[in-house]
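So that the names make sense, note that chain A is the first sequence line, chain B the second, and so on, each numbered from 1.
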Number of protein chains: 2
Amino acid sequence: MPRAATTSNLFNAVGDESRRIILETLARGEASVGDLVDELGLAQPHVSRHLKVLREVNVVRCRTAGRQRLYSVYAPGLAPLQSWLIELTAQVNERYDRLDDHLHELLRNTINETRRP
Amino acid sequence: MPRAATTSNLFNAVGDESRRIILETLARGEASVGDLVDELGLAQPHVSRHLKVLREVNVVRCRTAGRQRLYSVYAPGLAPLQSWLIELTAQVNERYDRLDDHLHELLRNTINETRRP
DNA sequence: TTGACATATATCCATATCAGTATATGATGT
DNA sequence: ACATCATATACTGATATGGATATATGTCAA
């Protein structure tokens with residue numbers, strides 16, 4: 001098989017730097033496509049296409065205002081990424097804690113055994 | 001320019017589904033390359049290479065145990081992703097709050113003006 | 001309606017990335 | 001040292017992706 005077809009899932013969408021920059025810019029406030037074109041060095045079609053990807057994974061919304069479209073970050077759309085991270089780290093930390101407990105118990109037993117004689 | 005050269009940054013590393021699955025598996029506990037090969041349907045070289053990417057962005061660590069290498073998630077390596085997300089959403093929410101304040105103030109003024117006559 | 005502006009879509013190209021296979025490295029046990 | 005097992009690296013090929021350009025759609029204003 002060739003490269004994995006992961007187009008347009010949230011992780012992939014955020015994996016691209018241009019799109020991250022777009023998100024960062026939009027986080028500072030609603031902006032039109034033209035605003036984004038000016039602010040980033042990208043051509044208008046590129047910005048539009050990146051916005052489409054971001055729209056499809058539901059992390060930006062847009063409203064039409066006259067002839068321009070004003071885009072903004074839709075924070076709840078980032079939730080899946082957040083929860084994935086949180087769950088992953090939680091699971092890892094839980095294991096650390098258990099290991100810690102285990103080590104403490106081992107240590108306690110060792111001390112007891114040392115004391116016994 | 002062709003596709004953006006984002007090889008081996010954290011966001012990209014986590015953007016790949018195979019690597020996310022590897023991380024999820026490792027979060028359940030340390031595992032050898034062979035374990036991962038068995039558990040996921042991937043060929044050994046692929047697993048090794050994905051692990052290399054994950055190692056390079058510092059989200060997994062490995063220790064040598066006899067002839068196998070035991071990999072585990074290194075949670076602190078995920079911090080940059082976490083903070084990016086947190087800062088982004090914080091900024092967005094802050095703007096929401098300000099908008100909220102502004103709307104409240106507008107509403108208050110409107111009420112006052114309505115009362116005045 | 002027509003012209004101007006703003007954004008979206010379509011098409012083409014270069015290439016980075018992933019999958020597949022073969023081979024190299026490295027460690028263990030005899 | 002040699003055979004075996006475990007993992008890493010090298011190389012190849014297919015393709016999805018992002019960038020570039022041209023064109024279509026859509027909106028307003030006169």
Checking the side chain of R19(B) only, and the main-chain atoms of V14(B) only, is there a donor and an acceptor separated by less than 3.5 Å?
no
Whole angstroms only, please: what is the [atom1]-[atom2] distance between [X] and [N]?
X      : N       : atom1 : atom2 : result
H50(B) : dT17(C) : NE2   : P     : 12 Å
D16(A) : dT17(D) : CG    : P     : 11 Å
L36(A) : dT7(C)  : CG    : P     : 9 Å
L40(B) : dC18(C) : CG    : C1'   : 15 Å
I22(B) : dT7(D)  : CD1   : C1'   : 14 Å
Q68(B) : dA8(D)  : CD    : C1'   : 15 Å
L51(A) : dA6(C)  : CG    : P     : 16 Å

Judged by each residue's nearest nucleotide on DNA chain D, which is more toward the 5′ side, R49(B) or D35(B)?
D35(B)
Quick one: on DNA chain D, does L42(A) or T64(A) contact a more 5' nucleotide (nearest heavy atom)?
L42(A)
Using only heavy-atom distances, determine whether the side chains of R63(A) and Y71(A) contain a donor-acceptor pair under 3.5 Å.
no
When you match R69(A) and H46(B) each to their closest nucleotide on DNA chain C, which lands nearer the 5' end?
R69(A)
Closer than 4.0 Å, any side-chain N/O of Y71(A) to the OP1 or OP2 of dA6(C)?
no
Evaluate side-chain contact (heavy atoms from CB on, under 4.5 Å) for S32(B) paired with L70(B), printing each intermediate quantity in order.
CA-CA 4 Å; S32(B) 72; L70(B) 298 178; 3.7 Å; yes
Tell me what S32(B) touches on the nucleic acid: a base, only sugar-phosphate, or nothing, going by heavy atoms under 4.0 Å.
sugar-phosphate
Which parts of residues 52-62 of chain B get close to DNA chain C, meaning a heavy atom less than 4.0 angstrom away?
none
Count I, L, V, M, F, W, Y as connected when their side-chain heavy atoms are under 4.5 Å apart, and connections chain through other members. Are I21(A) and L51(A) then in the same cluster?
yes
Joint hydrophobic cluster, Y74(A) plus V92(B), side-chain heavy atoms closer than 4.5 Å
no
Nearest of dC18(C), dT17(C), dA10(D) to any side-chain atom of N12(B)?
dT17(C)
Nucleotide nearest R67(A) when distance is taken to its side chain, options dT27(D), dG19(D), dT7(C)
dT27(D)
Nearest atoms (heavy-atom pairs only) where G15(B) meets N12(A):
O-OD1, 3.7 Å
Please tabulate, one pair per line, all N/O donor-acceptor pairs under 3.5 Å involving side-chain atoms of residues 75-88 of chain B, not counting sequence neighbours.
| residue | atom | partner | partner atom | Å |
| --- | --- | --- | --- | --- |
| S83(B) | OG | A79(B) | O | 2.7 |
| S83(B) | OG | P80(B) | O | 3.4 |
| W84(B) | NE1 | E24(A) | OE2 | 2.7 |

Check whether the side chain of Q44(A) and the base of dA8(C) form a donor-acceptor pair under 3.5 Å.
yes
